[in-house]
Structure formats: structure tokens, C-alpha cells
Amino acid sequence: MSDNAISNESSIQERSTLSWLDDKLQQSWKFLLLLIPYAWLLIFFLAPFILVLKVSMAEPAYARPPYTPLWEWAEDGYLTITLIFENFSYLWEDELYYETYLNSVVIAFNSTIMCLLIGYPIAYGIVRSSTSVRNILLLLIILPFWTSFLLRVYAWMGILGQGGELNDILIFLGILDEPHQFLYTQFAVYVGIVYSYLPFMILPLYASLEKLDMTLNEAAADLGAKPITTFLTVTLPLSIPGIVAGSMLVFIPATGEYVIPDLLGGGNVAMIGRQLFNEFGANKDWPVASAVAIALLILLVVPMMIYQHYQAKETEAA
Amino acid sequence: MPLDTKIEDRPWLDSSIEPFIKIQNVTKKFGAFTAVDRIDLNVYQGELFSLLGGSGCGKTTLLRMLAGFEEVTSGHIFIDGQDMAGIPPYERPVNMMFQSYALFPHMTVEKNVAYGLKRDGVPKLEIASRVTEILDMVELGQFASRKPHQLSGGQRQRVALARALVKKPKLLLLDEPLGALDKRLREQTQFELMDLQEQLGITFMVVTHDQEEAMTLSTRIAVMDQGDIIQIGTPTEIYEYPESRFTAGFIGNVNMFEGRVTNNSADHVTVQGTDGTEFYIDHGQNVKEGQKVWVAVRPEKLVINKDAVAAGPNQLLGTVDDIGYMGNHSIYRVKLASGRIVQTTAQNIVRPKDAEWAVDWDDKVTLTWEPSATVLLTK
């Protein structure tokens, strides 16, 4: 016993010298590791944001770049800073923007609900299938990402168009007598958004459902719960983190979506992404476009905070 | 066989009593693998019955078939006279305590326990009073509003128990109920479980791989191996009167000797071991002379003699090879002339003088035992 105690002591001493060095090394490593994400955020998020914010408070000008500078050195050597908030008040006053924002949020919200209703059973089915089948199904979910997003939207234009497959099938089935205008409608935009963003709903749902302990379902059944009750009282509440994550991953990008409303909605569906593009491109009004972007960001801060809240809560629970 | 308890405590001996659980010729196959192979088993009202066996022996599958999580491939299960074929888990008069406890992580202790009662449509006031009552019974009254992750392992175990018991099932199934607890807590909980079972009069069916747990808890034990029941009996029967080498070896330690029957009389059998040892068994048994048999002697039945003993049967000569001092008793490993090691234990009844024990390393000793302590096994 006493021999052991002595050798233990000496080894503790050795270890403490080593661990001091180790700690120092680890600290610098930790610092480096922490630096990378912060640097990333600084360079690729904060800096561009400040640039856009700067532009949003300028005035359009026939110049290159097409807006007035924020600060100028006057001839007498004074620094003049001109901040113009007119762009923001313009957004507020013009009904067009207000309606476009609202329309974007409504379309994104409805698309999110549809993705959830379609995605939940799919995610649940994947979780419940055998391991070998599961990997194939997951691959099928991710497979569309292997082709360009733009290409897939173009494919939908073909399907939904006047002479497209959808009309062909509906006429063949006798549901329609003559081709119906699907393309360039709100319907087409919904089809495009739900189709494109469904994987973003399914994957977090899958991750959340996959973690669920199947014996909980057995325990519920054992205590007298029918399958539907088990789902409502056990599975559904425990998959809320997945539902929130999936919904945010669909809602946030869908709100600012540009390609889908532009290609599938034509000029008929007003969404903020298209409006943004119009201001930048057609109107060459960079300051207003920047203001539109900033306003969109502020609009999306709320759902992002909800998302963050649930993420934090989940990490805490785990 | 000694019958020191009254017949009403041993319903399996009374053929007029109808078994509470009847398992008849039940087989369960998973693909080509047979998990449970043509099992027949009767369990009586109020029993605390254990299914004991190593992993993969089919004990958990049998329990899950009783709960309704697995369908029987063939055969029948009756619980309280009712055929369980095609009855889903949520309609069975059975509750289960899961090995992992399977507590709902998003519900408080109170909600967890109330879950089963809510499903049965019990009035709210009654639910509240029954939940309080059962939580007090398992001494968790003050933890009612905690979530499972805020509880210790032992507390979770009691919540799981309370949740299964609150519905007053006819049969409680327990899958390794004490498996996740540390040794001290396990011992304490064993006795709590027995008290609770006695108090409520519910039939308990326990699955365990821990032979000590099975021995202390059970009225009867079924020893299982590879989907079969090897032996059913009271803990005493299983330990003192094993019917096979498997049971003898699985429960407790045993010294096993191979030999052939030399004399088969009505009141005794003698066996000559392959190493020449003479064994004397003081009861008749259905064996033939010359038949290959095994003789089993439990370590604690062996007596260590330092002084010479008059020659006779049931004697082994050897030297003390190793001593394991356990405080209350010591384990001696004695090496025989043939080189094989025989294990024996002795209570340390006297305190040694100057830390010198009567039996020490390398002592020449003779091991003897009573003829009645010798078990003759044919399989």
C-alpha cells in the first residue's frame, strides 16, 4: 500500500509539470480555434453588413459606385459626414414595399407549414426504416443538391409550363380540357419553394427524430397509449427542436428568395428578393436596395433569435 | 427436499391452483434465429418470479412477449386466463419497468407517473391522489415537479417503478430492474422491491443476469440458456439441487469432478473420479454402473483439515496455492496432486493471533465434505 502511495505522489509531480506545459499549449490552441470562427464572422458577415449599412445611408448618384460618399473632406479641412435616413422612411411610406414584405413573409410562412406537413412523415418514415434502407433514403433526399439549384428551377418551368408535363398529365387524366396557366402564378412559386427547401426541413427533423429513444414509444404503449396518442404526447413534443430548426432553415431563406419568384412567378408574385434585385439592377438605386436589404435582415432577426433560443436550450439539455 | 414453508407460500406445489401466467409451447424466431424455443412455464398469483440467464438466452424476448412488444411465432400465452394472442401492449393488464427506465424526458416526475392513469381516463382528482400516494410510497414526494434529468439513478429507478405500479397492473414486468444501480444501492433496493411486492400483492416477473439478485428476490427462478429453460425452482433448489452442470456452474461457484459410477445402491452411489478420488453420495439416483457422471461440490461445503484425516471417500489432498482474504471469510485455492485447483471458502470465525492464520500458503491440507453435500449430475 505505502509503496503505491509513494509512486503515486511522484507521478503526480511529474504529471503536474507536464500538465503545465500542456495547459499552455492547449490555451494557445483554444485561442486559435476560437479566432477562426470569429475572424470568419468578422470578414464575411460583419464587414459586408457595415458596407451595406453605409450604402443604405447614402444618396444615389451618377457616379461609380452609384451613390454619394458617406464622408468627405471639405475644402476647409473639415470632415463632413452625411447620413441620410430617407431611404428607410421611403420604404415605410411606399405601400409597395410594405406589401411586398408582407407577401414574402406570408409565402415563406405557408411554404414552411407545407414543408413541415410533407417533411415530417418523410423524416419519420426514414427513421423507422431499417438501417440499410435508411441510408439510401437519406441519399435520395440529398441527391437533388448534386445538380444546380438553378437548373432544377428551370426544370420546373418546363414541367409547369403550358405544354409541360403537369398539363399533359392532367389533360390525359381528363381533369383538364385545355392547358391551364400554372407557370407565373403564386402556385408555381409555392411548388418551387416547397420543392427546393424540403430537404432543409427533412434533415433536421430526421436528426431530431433519430435521437429519440424507441423504448419511450414502448413505454407509452405499455402505459395504455394508442399509437396516435403516443405520437402526440411523446414523439411530437420531443421533436420540437427539429421542427423549429427545420422551420427556420426553410422560413429564413424563403423570405428573401429571389430566383424562384423571378423564374416561376414571373412578374406576378411580389417578393422582397425580386424587389431588391429591381432596385439594384433596373433602378440602379443602390442606397434604397441596401435599405431594403437591411430592413429584411431586421425582419428576420426575430425568427433567427427563436432559432438560437431553441438551439441553446437543446445544447443545454444535452 | 426440505419443506420449511407452508404450502400457501408455494402455490406451484398445489395442483388445484390455476396458474396466473401460462406460457404454453412458446417459440419466437427472428428470421433464422430462434430466440425462445418451445418454452412451457407457469407462474402463480403473487409470485416474484425471475428469468435468469446470460445475454442472448431469450429471457428478455420472453418478457417482451408478455408485454406485447413481440408477437409469439407459435404457442400461447395466457395471463389471468385470457389469451394474449393479438392483444396490443396498450390493452394488456401488464406494466413494464424498462431497463433504461424509459422515463419521458419532457415531463416532470408527476406527469410521468400520471401518464398511464390519464390514458385510462381516470378522473383528475383521483389521478392526483394516486400519484401522490405512489410517490410517497417510493419516497419521491418532494421530487414531483422535477424532470428526469434532474434526478439521480436511484431516484429515476423509483420513478420508473412508481409509473409502472400506479396503474395497479395484474402483472409487473421488470427488465434488469437493478442493473443500472451501484452495488450498495442495489442491495438496498432489492429489499425495498420485495417489501413493495409483498405489500401490493402484484405478481412480479423479473429478468436478470445477476444470480445474486435472482437468489435474494425470487420465490422461484427459471434458469435459461439458448432459448430454453434449463431448470425451474426455488433459489434453494436451484443452488443446492442443480439438475445439470449448466445450472450448477451458472449459479454460484462449484467444484466439478468427472468420473464413473462404481456402485449403484438403493441408498447410496459411489463414483470414482478420473483422477482416482472416491466420491460417496448418500442417496440413490437413477444411474447405471460404469456410467459417465459429474460430481459437484460447492466451495463452502468443503472443510479444510490441516491434520491427517482417516482415509475414506470424499477426500482431496493438496497444498494451499492461494488465499483470498475477504474479511468475513477467506477463499482458499487448493492445488491437488493432479495439478487441478479446487476452491473452498471458510468463515473467519476466530480472530488470528499475531496476524497468523491457522491455514497459510503452501500448507498441506485435506479437504473433506459431508456425503449429503455431494451432488451427482448426469448431464
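In what follows, chains carry the letters A, B, and so on, assigned in the order in which the sequence lines appear, proteins first and then strands, with residues in each chain numbered from 1. Computed from a predicted structure; not experimentally measured.
Using a 4.5 Å heavy-atom cutoff, the side chains of R119(B) and T233(A) are in contact. Using a 4.5 Å heavy-atom threshold, the side chains of E218(A) and M96(B) count as separate.
Looking only at distances, a side-chain donor or acceptor of N95(B) sits under 3.5 Å from a matching main-chain atom of D222(A). Checked by atom type and distance alone, the side chain of K226(A) never pairs as donor or acceptor with a backbone atom of Y90(B) at under 3.5 Å.
Contact count against chain A (heavy-atom pairs under 4.5 Å) is highest for R163(B) among M97(B), Q99(B), R163(B). Looking only at heavy-atom pairs under 4.5 Å with chain A, the residue among P88(B), S100(B), A102(B) that has the most is A102(B). No other option in E91(B), H106(B), R92(B) has as many heavy-atom pairs under 4.5 Å with chain A as H106(B).
Atom CZ of F31(A) sits in a sparse spot, with 12 or fewer heavy atoms from other residues, nucleotides or ligands closer than 6.0 Å. Within a 6.0 Å sphere centred on CD of E192(B), other residues, nucleotides and ligands contribute more than 12 heavy atoms. Within 6.0 Å of atom NE2 in H76(B), 12 or fewer heavy atoms from other residues, nucleotides or ligands are found, so the atom counts as exposed in its surroundings. Surrounding CG of L139(A) are more than 12 heavy atoms belonging to other residues, nucleotides or ligands, all under 6.0 Å away. More than 12 non-hydrogen atoms from other residues, nucleotides or ligands lie less than 6.0 angstrom from OH of Y190(A).
For D213(A), the part lying near chain B is the side chain, with the backbone staying farther off; criterion is any non-hydrogen pair under 4.5 Å. For chain A, the nearby part of M107(B) is the side chain; its heavy atoms alone come within less than 4.5 Å. Only the backbone of L103(B) comes within less than 4.5 Å of a heavy atom of chain A; no side-chain atom from C-beta onward does.
Residues of residues 243-251 of chain A never come closer than 4.5 Å to chain B when only heavy atoms are counted.
Listed by chain and residue number, nothing satisfies the side chain to side chain donor-acceptor pair (under 3.5 Å) test with K111(B) (two or more places apart in sequence, or in another chain). A search for ring-ring contact (aromatic ring centres under 6.0 Å, His included) contacts involving Y115(B) returns F104(B), not counting sequence neighbours. Remark: H209(B) engages E176(B) in a side chain to side chain donor-acceptor pair (under 3.5 Å) (not counting sequence neighbours).
L223(A) and K167(B) get closest at one heavy-atom pair: O-NZ, 2.7 Å.
The OG1 atom of T229(A) lies 12.0 Å from the NZ atom of K118(B); values are rounded to the nearest 0.5 Å.
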